[in-house]
Amino acid sequence: MLRFPILLSLAVLLAPFAAAETIRFDPPNVTAGHSVDATVSGVWHNGCLPAAKGFVVDGSTITLHLDATAPLGVLCSQNTPPYSRSWHLGVLPAGGYTVIAVADAGSTSTELTRAPLIVRDAETLTISPYAVPTSGGPIALGNPFFLASATLTIGGVTVPANSELDGVLFAIAPPHAPGVVDVEVKADLCTLTCATVSSKAALIYYDPSDADPAVFEPVLFPLSFQGAGAFGSQWTTESFLYSNGPAAYFRDPLPCAGCTSTFTLGTKQLTNDGNPWGHVLYAMRGTTDALQFASRIRDTSRQALTAGTEVPVARERDFRPLLRFMNIPVDPKYRVTLRLWALGDYPQYIFAIDSVPALQNSLPLTRIPGTSMWFGSADVTATIQQAAGNPANLLVTPPPFGPNNPVVAPPVWGILSITNNDTQQVTIVSPQ
């Protein structure tokens, strides 16, 4: 059988999918002296997937090259498969970069997407927090001169700095556009000369309306409910944060009494606001190692019967491409609710019993206000009852790729709440 190459314009092929590509960095919060990888994911225009060809660093621009040339003599299929390609960028100098992914075919290069990359100098000066909103805010710096006073310059702007103890400077970072700036400390107490320490790309400014993944990671408390339920039940959610270490920083004030966006030592209980998606907290990366979380829900009308049910708290690492809920009891006395969270924009998923994959159901998602996360819930009791065996497995996946779904689905996480209609006792199942 003869095979012929398909000769089509790369621009025409890529145009419908130009918005499908994303660039992610590992680690997402990069510091100077540490290597970083860049990964481009998307949905390709045909079955001949591109290869990672190389990358070029030109000043503050990094170009990732994909080889989009179709192999000679190969007839590419017309489906639109997902792909993921990675580049090891190695150790980059501190600074702000624009990373651009391009597809090369012959002499033609087509830009697919671009993303900012910040490589922060975290060693020359210690700054806490290392990121502030565009309006500015308080910071503390390790004073390299161990003197009571010094002159501080942030992004070219000199600001007052004082010290309540030798070795630490306190200042208010001035307003600045989103991005990374240099910081300079100059000793005030001089003899013949004044020593100066400069740290390139040491402080990040972020847009407070955005959850910049280079700065923040999501922490999800799935439930935040207090009130009446079915059959006379009265529910309350009890969620806590605890820390015995350095301060942890959040994008927004924590939802607890008297709380701010900085959490130090002690225990705080989150308020119940009734939102079906619970609480989405954005924690500054690298500041939450000492934090511990706990959450449970209980029926106060039957307090003597149960001490409540533990609710898992999800971190970014818990999200995955698809979910499989296993060991679900099939019994008419149980009602089952699925709650699903996606890390990014994706309006619909599907769920089905493993044993009956043809019986698929749609689960629409909507964006959670003030976040980049999407949420949806559905009563899956009827679906569970259709299982061929007992117990059952429930599979949650994005819809098949195609013209109506031309983007790669973001990672998801979810829980099943299984409620006994007789006792109202709740069991929560999450993917492990």
If every non-hydrogen atom of [X] is compared with every non-hydrogen atom of [Y], which pair is closest and at what distance?
X	Y	result
Trp87	Gly54	NE1-O, 3.0 Å
Phe216	Tyr206	CZ-CZ, 3.6 Å
Thr39	Ser84	CG2-OG, 3.2 Å
Arg85	Pro50	NE-O, 2.6 Å
Ala283	Val219	CB-CG2, 4.2 Å
Thr262	Ala247	CG2-CB, 4.0 Å

Q: List the steps and the verdict of side chain to side chain contact (heavy atoms under 4.5 Å, CB included) for Leu395 and Leu322.
A: CA-CA 8 Å; Leu395 183 65; Leu322 56 85; 3.9 Å; yes
With distance as the sole criterion, is a donor-acceptor pair present between the side chains of [X] and [Y] under 3.5 Å?
X	Y	value
Thr288	Arg315	yes
Ser198	Glu184	yes
Asp104	Ser109	yes
Ser199	Asp121	yes
Gln432	Ser430	yes
Thr337	Asp379	no
Asp37	Ser86	no
Glu21	Tyr83	yes

Note, [X] side chain near [Y] side chain (heavy atom, < 4.5 Å):
X	Y	value
Leu416	Arg339	no
Pro411	Arg320	no
Ile100	Leu64	no
Val119	Tyr97	yes
Trp277	Asn275	yes
Leu117	Ile62	yes
Leu338	Leu363	yes
Phe375	Leu340	no

Q | Residues that Thr237 engages under side-chain hydrogen bond (donor to acceptor under 3.5 Å, both in side chains), provided they are two or more places apart | A |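 side-chain hydrogen bond (donor to acceptor under 3.5 Å, both in side chains) check on Thr237 returns nothing, list empty.
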Q. Partners of Tyr282 by side-chain hydrogen bond (donor to acceptor under 3.5 Å, both in side chains), sequence neighbours excluded?
A. Ser372
Can any side-chain N or O of [X] pair as donor or acceptor with the backbone N or O of [Y] at less than 3.5 Å?
X	Y	result
Gln292	Leu241	no
Ser243	Leu291	no
Thr271	Pro255	yes
Asn272	Gly274	no
Asn327	Ala392	no
Thr309	Val426	yes
Asn420	Tyr334	no
Asn29	Ala214	yes
Thr371	Met373	yes

Q: Kindly determine whether Val181 and His176 satisfy side chain to side chain contact (heavy atoms under 4.5 Å, CB included), including the steps that lead there.
A: CA-CA 9 Å; Val181 298; His176 196 279; 3.4 Å; yes
Q) Is it true that Asp354 and Arg324 have a side-chain N and a carboxylate O under 4.0 angstrom from each other? A)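 Arg324 and Asp354: salt-bridged.
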Q. Taking 4.0 angstrom as the limit, do Arg296 and Glu310 come out as a salt bridge?
A. no
Q | Trace of the ring-ring contact (aromatic ring centres under 6.0 Å, His included) decision for Phe325 with Phe351 | A | CA-CA 10 Å; Phe325 297 90; Phe351 60 89; over 10 Å; no
Would you say that more than 12 heavy atoms from the other residues, nucleotides or ligands in this model lie under 6.0 Å from the [atom1] of [X], or not?
X	atom1	value
Lys53	NZ	yes
His88	NE2	yes
Asp58	CG	no

Within this structure, what is the [atom1]-[atom2] distance for the pair [X] and [Y], rounded to the nearest 0.5 Å?
X	Y	atom1	atom2	value
Gln226	Thr236	CD	OG1	3.5 Å
Ser239	Lys268	OG	NZ	15.5 Å
Ser261	Met284	OG	CE	8.0 Å
Leu152	Leu141	CG	CG	5.5 Å
Leu343	Leu220	CG	CG	9.5 Å
Arg251	Asp207	CZ	CG	9.0 Å

(Q) What verdict does the salt bridge (Lys or Arg N to Asp or Glu O under 4.0 Å) test give for Glu316 and Arg285, after you've listed the backbone C-alpha separation in whole Å, the side-chain angles of each residue and the deciding distance to 0.1 Å? (A) CA-CA 11 Å; Glu316 185 180 50; Arg285 294 185 185 277; 2.9 Å; yes
**Q.** Stepwise side chain to side chain contact (heavy atoms under 4.5 Å, CB included) test for Leu66 and Val102
**A.** CA-CA 6 Å; Leu66 285 162; Val102 300; over 6 Å; no
Q: Could you list the residues that satisfy ring-ring contact (aromatic ring centres under 6.0 Å, His included) with Phe293, not counting sequence neighbours?
A: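 For Phe293, the residues satisfying ring-ring contact (aromatic ring centres under 6.0 Å, His included) (neighbours in sequence not counted) are Phe221.
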Q: Mind telling me whether Trp341 and Trp413 have parallel, tilted or perpendicular rings, with 30° and 60° as the class edges?
A: tilted
Q: Check whether NZ of the Lys or CZ of the Arg Arg120 lies under 6.0 Å from the centre of the six-membered ring of Tyr130 and within 45 degrees of that ring's axis.
A: yes
**Q.** Aromatic centroids of Trp235 and Phe225 separated by under 6.0 Å
**A.**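 No: the rings miss the under 6.0 Å criterion.
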Q | Worked check of side-chain hydrogen bond (donor to acceptor under 3.5 Å, both in side chains) between Tyr249 and Ser128 | A | CA-CA 9 Å; Tyr249 299 94; Ser128 181; 3.0 Å; yes
Q: Show your reasoning for whether side chain to side chain contact (heavy atoms under 4.5 Å, CB included) applies to Leu323 and Val412.
A: CA-CA 7 Å; Leu323 303 179; Val412 292; 3.8 Å; yes
